[in-house]
Amino acid sequence: MKQTTRYGPPRVASSTTSTVANQTGSWKYIRPFYQDKIAPCNAACPVGIDIEAYIALIREGRWQGARELLLQENPLPAITGRVCDHPCEQACNRSQFDAAVSIHAVERVIGDMILQTPPARANSTSTHTIAVVGSGPAGLACAYHLVKLGHDVIVIEAAAEPGGMLRLGIPEFRLPRRILDQQIEWLEALGVCFRTNTELGTDIAWEDLSKFDAVFLATGAHSGRMIGIDEEDGPTFMSGLDFLKAVNVGQRPSIGREILVIGGGNTAIDCARTVLRLGADPLVVYRRTRNEMPAIEQEIREAESEGVRFQFLSAPVSVRHGESGTRGLNCIRMELGPVDASGRRRPVPVTGSEFTIASDTIIKAIGETSQLDYLPVALEREGTSLIVGGLGETNIHTVFAGGDMTEDTRSVAFALGAGKRGAIGIDRLLRPGRRQPDELAVEQLKFADGNVSMARWMSSDPVARAAPVNRVVSFDELNVNHFRHLARNEDRTTMMEENQGSFQEVNPGLTSEDAITEAGRCFNCGVCNGCELCLILCPDIAISRGTGEERFIIDMAHCKGCGICVEECPRGAMAMTREGL
Amino acid sequence: MNKVIVGNHAVSWGVKLARTEVISAYPITPQTQIVEELSDMCARGALNARFIKVESEHSAMAACIGASAAGVRTFTATSSQGLALMHELLHWAGLGRHPIVMANVNRAMGPGWNIWTDQNDSLSQRDTGWIQLYCETNQEVLDTTIQAFKLAEAVNIPVMIILDAFFLSHTSEPVDIPDQVTVDRFLAQRETSIKLDVADPHAFNALVRPDAYMEMRKDQQDWMRRAKTVYAEIETEWKALFGREYGKIEPYRTDDAELILVTSGTVTSTTRHVVDQMRERGTRVGLVKIKMFRPFPTDDIRRALSGAIKVAVLDRNISPGRSGIFAEEIRSALYNIPMDDRPKIFGYIVGLGGRDVTPAVIEDIVEQTQIATQPTREDLWVGVKP
């Protein structure tokens with residue numbers, strides 16, 4: 001068949017060599033550079049964990065590295081993975097895209113892995129011995145970090161077994177004793193010494209602590225608050241913490257059938273779920289609505305699905321003495337008024353709306369205060385809290401404190417963070433040559449406005465170790481066009497029907513495969529993870545793979561400063577600057 | 001294989017049968033079905049092409065230029081404002097001599113926002129260095145799409161296939177879809193000696209100084225002219241394989257015609273019908289359909305029209321401040337022929353923004369032209385409300 005005429009090539013402009021000769025870099029007046037910032041999870045973590053970094057390692061299956069990174073900041077990942085209310089996930093930028101990364105579930109997988117093998121004993125490199133009073137999360141964290149920093153530590157605990165609130169205040173179905181015991185053994189193997197059954201002020205005197213080079217106080221808050229009604233110290237009332245402690249040490253207090261739990265925090269929810277497991281019928285009475293409850297959302301959901309009932313917008317008024325010995329609580333309806341100092345709407349009583357709820361036992365779970373009578377009066381305090389500085393310093397220069405006995409948020413994570421700050425404070429005191437004790441240095445240890453980083457403290461130069469820009473990357477700074485929607489790997493919750501009345505752990509956690517998948521959902525906000533989009537999208541092919549510390553090299557002779565790399569970086573880990581600056 | 005398909009899908013079928021390798025497009029009514037169907041073909045593996053999604057028509061054409069420079073067969077489709085947004089890159093494709101094929105569904109320019117047909121979008125791109133082929137039926141659309149690749153690649157000039165909004169794009173007609181084996185005999189894989197090659201790096205389309213620019217332009221003009229010959233060759237080949245041909249222009253019943261109507265696009269079909277009816281009544285009227293607008297088939301036009309006394313050009317377009325664009329081109333083409341052969345040329349503006357051009361409208365135009373002794377100074381607007 002006759003083919004259509006083929007002609008020669010068209011007359012078009014073509015260079016004689018490649019475009020490398022054309023140094024387009026001379027055109028630019030602004031230039032891109034790589035600039036790591038802080039992921040919101042890191043800044044939100046009260047412990048001060050480099051979450052973004054360890055999650056990135058898990059995604060690559062580098063478990064060993066992830067363990068080391070996590071353990072540098074958090075001594076108890078198996079525990080925080082279970083009981084932390086994970087503010088990291090509330091801050092997670094991914095929550096504005098589909099759903100937050102399930103950080104706590106990933107942390108728990110590594111935490112359990114860590115407990116499989118005892119740690120090598122830490123090298124003692126200092127001549128100092130520190131007393132840590134109290135073995136709750138704050139005390140454990142402080143002791144752990146001090147031991148890792150080379151100091152000798154003795155933890156003094158009033159109870160028969162270490163753990164503080166972890167052992168006494170958190171029910172078994174949320175934190176199995178097995179895990180806590182393994183965690184304590186693990187810390188002992190590392191070199192933390194415990195002296196139990198030793199109460200400060202009873203078994204040893206304050207003066208006895210003077211033989212230590214420094215003291216970290218973390219004795220918590222154990223005295224239940226009062227509702228402020230008559231007869232509340234009577235036999236039908238019980239403090240929530242006392243109730244949990246009794247059950248947690250194996251007692252089964254006789255509480256009757258109808259149980260009221262007053263309060264809306266985690267202690268209230270824990271009490272209600274514990275009551276359920278003792279075969280009684282709990283009703284949580286809370287003066288605001290479900291939306292204002294400070295308890296962890298997941299715990300509330302689980303309590304609801306287990307059958308815990310709630311009476312919202314109700315407050316106790318007086319004890320009811322019915323005929324023939326019937327007992328109960330007179331309550332009043334509340335409505336939400338204007339927003340108060342806590343940022344929540346203040347509950348206001350509705351006149352004439354009194355009603356009565358029958359009850360056998362009333363559990364008060366409305367918070368605890370510290371008991372500071374055993375401490376010298378010279379130690380400065382505000383109400384029932386000790387006053388401490390940014391690294392746990394009190395007004396006595398060898399005495400530090402942290403956790404629930406200070407003015408700090410009452411949670412395991414905040415206590416762990418306080419313990420770490422105390423350890424750094426003590427290390428700085430005992431090895432003064434090591435770091436300038438000025439405020440600036442403390443700021444430079446922090447993830448943005450979050451907690452301090454032990455990694456930065458341990459490094460020779462915390463300023464260099466810090467991200468160049470110590471600020472959080474917002475969702476708007478990401479380029480989420482490069483991400484796909486992916487379902488979150490949710491915790492698997494054992495249905496209550498399967499373990500009715502059992503104190504067996506409710507949440508069996510993720511598999512390690514699920515954890516890797518979940519880690520793959522992380523945006524790595526503000527931190528270059530080598531995704532190569534900058535390299536791929538550079539129209540001048542001016543970006544190439546680097547070696548060692550520098551992941552990428554920008555060929556400034558050809559980069560013409562268009563900014564596409566900065567705009568397209570999915571995680572806000574690049575920036576532009578004016579030429580010559 | 002016979003199928004009843006809309007004009008948009010006739011384009012899609014043509015692109016598929018041409019074994020197009022890269023498609024990049026941005027949706028716009030009434031074109032969207034073309035690339036929807038193509039993306040579907042790519043997704044289900046019926047067409048082994050890379051479908052590049054972009055955020056604008058400007059980028060769509062830029063992607064096509066890049067792909068074409070890399071030596072592969074490339075297609076896009078657009079309409080109206082989308083075509084206008086491509087304007088800068090239409091020049092780039094034209095002078096860069098990238099043999100891209102594009103379907104443009106003729107849609108009126110806004111404002112007022114209008115999705116119906118007229119030719120102002122494509123005619124506004126007259127001087128960008130693209131071949132323009134206006135189609136009348138869905139079969140012609142499909143056939144022309146395949147031919148367009150062969151033409152573009154032979155002369156290294158991009159080709160725009162043009163079809164009327166809705167009258168073709170969304171109207172179903174029976175179409176004979178050629179079989180792939182025969183199409184493969186007609187159209188081989190694209191070959192080009194000039195293409196991007198990482199092993200032998202060169203930059204295309206960079207600075208050209210005054211001492212070379214005119215030669216480049218002249219080369220483009222020479223190949224535009226040769227495209228007319230090449231297109232005729234391609235049609236001959238096509239006819240041998242598939243039995244159909246359309247011509248750069250199509251004279252219809254023009255022998256002995258005193259009055260010849262000139263049309264393009266779907267108005268042609270209606271006019272053909274009117275001509276048949278008037279011929280039955282003894283009126284000596286004929287029709288010339290213009291398919292190829294660029295390069296302009298001046299010789300064919302002269303041959304077809306020089307015998308007539310009067311010519312009435314139906315323009316579904318307007319060059320504001322001048323006249324209908326086809327009428328203007330025809331006046332220009334006939335000016336330098338001997339005075340005695342020159343017909344009087346009457347211009348009529350019809351059907352803008354998708355207004356119907358019915359047989360009655362065309363009959364009126366015939367009658368008006370017959371009555372008039374001289375064309376008016378300006379084209380007449382048909383059916384415009386006061």
Side-chain angles (χ1 to χ4, degrees), chain A residues 1-28 97 476 478-485 531-545 553 555-570, chain B residues 55 62 66 69 92 94-99 129 147 150-151 153-157 182 185-188 191-209 212-223 226-227 229-238 240-241:
Chain A
M1 164 174 165
K2 180 185 177 298
Q3 285 296 316
T4 306
T5 321
R6 289 206 83 86
Y7 301 95
R11 192 184 287 243
V12 289
S14 171
S15 67
T16 50
T17 66
S18 86
T19 52
V20 171
N22 188 3
Q23 303 230 332
T24 46
S26 63
W27 305 356
K28 67 176 165 294
F97 182 70
D476 295 339
L478 309 178
N479 188 339
V480 294
N481 292 315
H482 296 294
F483 298 116
R484 280 185 304 151
H485 290 269
C531 76
E532 291 197 338
L533 265 174
C534 51
L535 180 153
I536 293 163
L537 295 173
C538 174
D540 291 293
I541 319 175
I543 299 179
S544 55
R545 269 268 173 213
I553 297 163
D555 166 17
M556 287 299 167
H558 291 97
C559 163
K560 58 180 185 280
C562 69
I564 287 176
C565 52
V566 178
E567 183 62 30
E568 292 301 328
C569 176
Chain B
E55 83 299 339
W92 196 272
L95 263 179
R97 309 290 297 277
H98 300 293
Q147 294 168 352
K150 186 150 186 159
L151 175 60
E153 291 163 19
V155 296
N156 288 295
I157 291 175
T182 319
R185 283 174 60 202
F186 171 77
L187 182 67
E191 279 175 41
T192 174
S193 56
I194 297 187
K195 62 180 172 188
L196 294 175
D197 179 0
V198 286
D200 178 23
H202 296 278
F204 293 157
N205 304 336
L207 190 74
V208 174
R209 290 181 304 191
Y213 185 84
M214 271 186 87
E215 285 69 20
M216 234 179 73
R217 274 291 196 188
K218 177 68 167 42
D219 190 62
Q220 180 189 32
Q221 173 70 355
D222 288 345
W223 285 104
R226 286 172 201 145
T229 316
V230 174
Y231 183 67
E233 290 173 9
I234 286 172
E235 280 236 292
T236 308
E237 260 185 76
W238 186 264
L241 288 168

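A, B, ... follow the sequence lines: proteins, then strands. Residue 1 opens every chain.
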Residue among B:V208, B:L151, B:D200, B:N205 with most heavy-atom pairs under 4.5 Å to chain A: B:N205
Per-residue contact mode, A:S14 against chain B (heavy atom under 4.5 angstrom): both
Atom CD1 of A:I541: over 12 foreign heavy atoms under 6.0 Å: no
Heavy atoms from other residues, nucleotides or ligands near CD of A:E532 exceed 12 (cutoff 6.0 Å): yes
Heavy-atom contact with chain A under 4.5 Å, split by part of [X]:
X	answer
B:I157	neither
B:A203	both
B:Q220	neither

So, for [X] and [Y], which heavy atoms are closest and what is the spacing to 0.1 Å?
X	Y	value
B:S193	A:P9	OG-CB, 3.9 Å
A:R11	B:M216	O-CG, 3.3 Å
B:G96	A:V12	O-CG1, 3.4 Å
A:P10	B:I194	O-CD1, 4.0 Å

Any donor-acceptor pair under 3.5 Å from B:H202 side chain to A:S15 backbone: yes
